[in-house]
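This report refers to the structure that appears directly beneath it.
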Amino acid sequence: MKKTSHSKLRPLAGLLVLLLLTSCLRVEYDECPPLQVSVVVKDKNYYNVNKVDLEDAVPENLPFRSYVGNLTYELRNMKTGEVVAQKPLFDVPDGITTYDITFDSHLPFGTYELTVWGGISDDEPLSADRQSLALHPGGVAGGDPYLTRDTLLYTYNRYAHTVEMERIKGKLIVETWFLPRVATASTNSVDHLRTQVDAAFDYSGQTALSRDADWSADADYKVWKTILPPSTGDKHSVVDIDFRDAEGNLCTEILPKNVNITMNRNALTALRYVWAWKDDEGKYGWKIYILINDNWEVYHEMIVD
C-alpha cells in the first residue's frame, strides 16, 4: 500500500516542478520592451526650395539642432487622458541626427499620443496646457517653430516608433531690381495672417504684421526675407511696401501697389519688384512679378499673366 501511494505522488510532484520551471522561463521571456520613439526632422528645407533661386537649400544630413534647436514633449494615455510623461523645453544635444526617447519600462501596453514642439522662442510661448503656440504675439519677429503629434500603439511586438517634426510657418522673399537710390529702407506690412496653431496643426486668429527692411546696400539687385505664419485663405494676405529715404520720409513717388499673396506652411512665397521704363505710360514704374510654381508671372491685382 505504501509503494502504491508513493507512485501516485511522483507524477504530481513532477508536474509541480514543471509548472514552476515554466513559470520562471515565462517571466524571463515576457519582459516588456519599453516604448521607444525616434524624433527626426522632416522639413529640413522648404518644400519648394529647389524652385526658388533666391533661397539656398541646406544639406539634409546636418545635426538635428541645425534645423531644430530645442524640444519639449508630452506623452498622453489615450484611454485615460492622463499625461504619463513630460519634459520641459530643453536644448537639443550636439552631434545627433535623431533624438531618441525611451519611456519608463513600467508603462502599460496601450495607445498613446505623443506631442513634440521644437524651435520655440521666448517671444512665442506655449499655452499653459501645452496644446497651442502663440505666433508673433504683439507683433514680435518670432522664430521658426516645429511640431509633430502622433498616435502610438504600444504592444509587445510594437514598441519602436519614428515621428517627424514639421515646420509651422513659411517664408516671404522680396526681391528688388534697380530700386531708386533715394530709398534706403522700407516698412513692409502683411495682413490676414494666423496668430495661433494648436497641437493638431489647426490654425486660428488673424493679424497684420509689419517688418522693417534695409535697402541701403549699393547694388542693383537686393533681397529681403522674413518668416511669417500662414494666411487666413488663398490670396487673403496683402503685402504693402512703404519705401523711405535716409531721413525716414515716405518716398511717395516710388511706392508700389499692394500685392495679394498666400503664405503657406513650409513654403516660400516670392515677389520681384523691377523698376523699369513703362512704354505704355511713358514713365518709370514698378513691374511686379510673383513666383507661381517655378515661373515668374506678371502680377496684375488678383490676376497673373
Side-chain angles (χ1 to χ4, degrees), residues 41-58 60 66-70 116-121 123-124 126 132-149 164-176 186-213 223-241 258-273 288-297 299 302 304:
V41 181
K42 178 183 178 181
D43 297 334
K44 297 175 180 178
N45 281 288
Y46 293 93
Y47 90 89
N48 58 342
V49 68
N50 292 326
K51 297 181 179 181
V52 184
D53 58 4
L54 303 175
E55 180 83 359
D56 293 329
V58 300
E60 296 277 338
S66 299
Y67 314 106
V68 181
N70 56 34
V116 187
W117 298 91
I120 305 298
S121 69
D123 294 328
E124 296 177 304
L126 282 170
S132 63
L133 177 70
L135 305 174
H136 307 276
V140 300
D144 189 14
Y146 281 71
L147 165 65
T148 185
R149 167 173 278 181
E164 299 179 314
M165 301 292 293
E166 297 183 64
R167 181 179 275 111
I168 289 173
K169 301 180 187 178
K171 181 182 285 188
L172 173 64
I173 303 176
V174 176
E175 176 189 29
T176 64
S186 69
T187 299
N188 304 337
S189 300
V190 187
D191 63 10
H192 288 84
L193 298 170
R194 292 303 189 184
T195 62
Q196 187 165 293
V197 63
D198 67 18
F201 259 113
D202 290 327
Y203 294 87
S204 60
Q206 177 179 308
T207 191
L209 297 173
S210 293
R211 301 284 182 262
D212 292 330
V223 177
W224 173 82
K225 304 177 182 182
T226 188
I227 295 174
L228 295 173
S231 300
T232 57
D234 185 45
K235 298 184 179 68
H236 281 194
S237 294
V238 177
V239 178
D240 179 8
I241 299 181
N258 294 345
V259 177
N260 289 80
I261 64 167
T262 306
M263 292 299 304
N264 288 306
R265 184 196 73 77
N266 194 43
L268 299 168
T269 300
L271 297 173
R272 174 180 289 166
Y273 293 74
I288 303 174
Y289 300 82
I290 185 168
L291 193 65
I292 305 294
N293 296 322
D294 55 351
N295 297 311
W296 287 101
E297 309 284 355
Y299 178 86
M302 294 288 287
V304 295

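No hydrogens, no waters, no symmetry mates; every other heavy atom, side chains included, goes into these values.
A salt bridge (charged side-chain N to carboxylate O under 4.0 Å, His left out) check over residues 197-210, counting only residues at least two apart or in different chains, returns nothing. Screening residues 44-56 for salt bridge (charged side-chain N to carboxylate O under 4.0 Å, His left out) gives Glu55-Lys171, Glu55-Lys225 as the qualifying pairs, with residues at least two apart or on separate chains.
Contact detail for Gly139 and Leu209: the closest heavy-atom pair is CA-CD2, 3.8 Å. Shortest non-hydrogen contact noted between Ala57 and Asn50 is CB-OD1, 4.3 Å. Considering every non-hydrogen atom in both Pro229 and Leu193, the closest pair reads O-CD2, 3.5 Å. When every heavy atom of Ser121 is checked against every heavy atom of Gly143, the shortest pair comes out as OG-N, 3.9 Å. Heavy-atom minimum distance, Trp296 versus Tyr289: CE3-CB, 3.7 Å. Residues Tyr67 and Val58 come closest through the heavy atom pair CE2-CG2, 3.9 Å.
Asp191 CG to Gln206 CD: the interatomic distance, rounded to the nearest 0.5 Å, is 7.5 Å. Of the inter-residue distances, the one linking Thr226 atom OG1 with Leu172 atom CG reads 7.0 Å to the nearest 0.5 angstrom. Atom CD1 of Ile120 is separated from atom CG of Asp144 by 10.0 Å, given to the nearest 0.5 angstrom. Rounded to the nearest 0.5 angstrom, Leu133 CG and Leu147 CG are separated by 8.5 Å. Taken from NZ in Lys235 to CG in Asn260, the straight-line distance is 8.5 Å, to the nearest 0.5 Å. Distance CD1/Ile168 to CZ/Phe201: 5.5 Å, rounded to 0.5 Å.
At a threshold of 4.5 Å between non-hydrogen side-chain atoms, the residues Ile288 and Ile290 do not count as touching. For the pair Val52 and Tyr46, the minimum side-chain heavy-atom distance is 4.5 Å or more. Residues Leu135 and Lys169 have side chains in contact (heavy-atom distance under 4.5 Å, counting atoms from C-beta outward).
Applying the salt bridge (charged side-chain N to carboxylate O under 4.0 Å, His left out) criterion to Asp43, with sequence neighbours excluded, gives Arg265.
No donor-acceptor distance shorter than 3.5 angstrom exists from the side chain of Thr148 to the backbone of Met165, with no hydrogens or angles considered. With Ser237 contributing its side chain and His192 its backbone, the two residues share a donor-acceptor pair below 3.5 Å. Side-chain atoms of Asn45 never come within 3.5 Å of backbone atoms of Glu60 as a donor-acceptor pair (strictly under, hydrogens ignored).
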**Item:** side-chain contact (heavy atoms from CB on, under 4.5 Å) assessment of Tyr273 paired with Val259
**Value:** CA-CA 11 Å; Tyr273 293 74; Val259 177; 3.7 Å; yes

**Asked** Should Asn188 and Val239 be marked as a side-chain contact (heavy atoms from CB on, under 4.5 Å) after you check the CA-CA gap, both sets of side-chain angles, and the distance that decides it?
**Response** CA-CA 7 Å; Asn188 304 337; Val239 178; 5.6 Å; no

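Applying the side chain to side chain contact (heavy atoms under 4.5 Å, CB included) test between Asn264 and each of Leu268, Thr262, Ile261 identifies Thr262 as the sole match.
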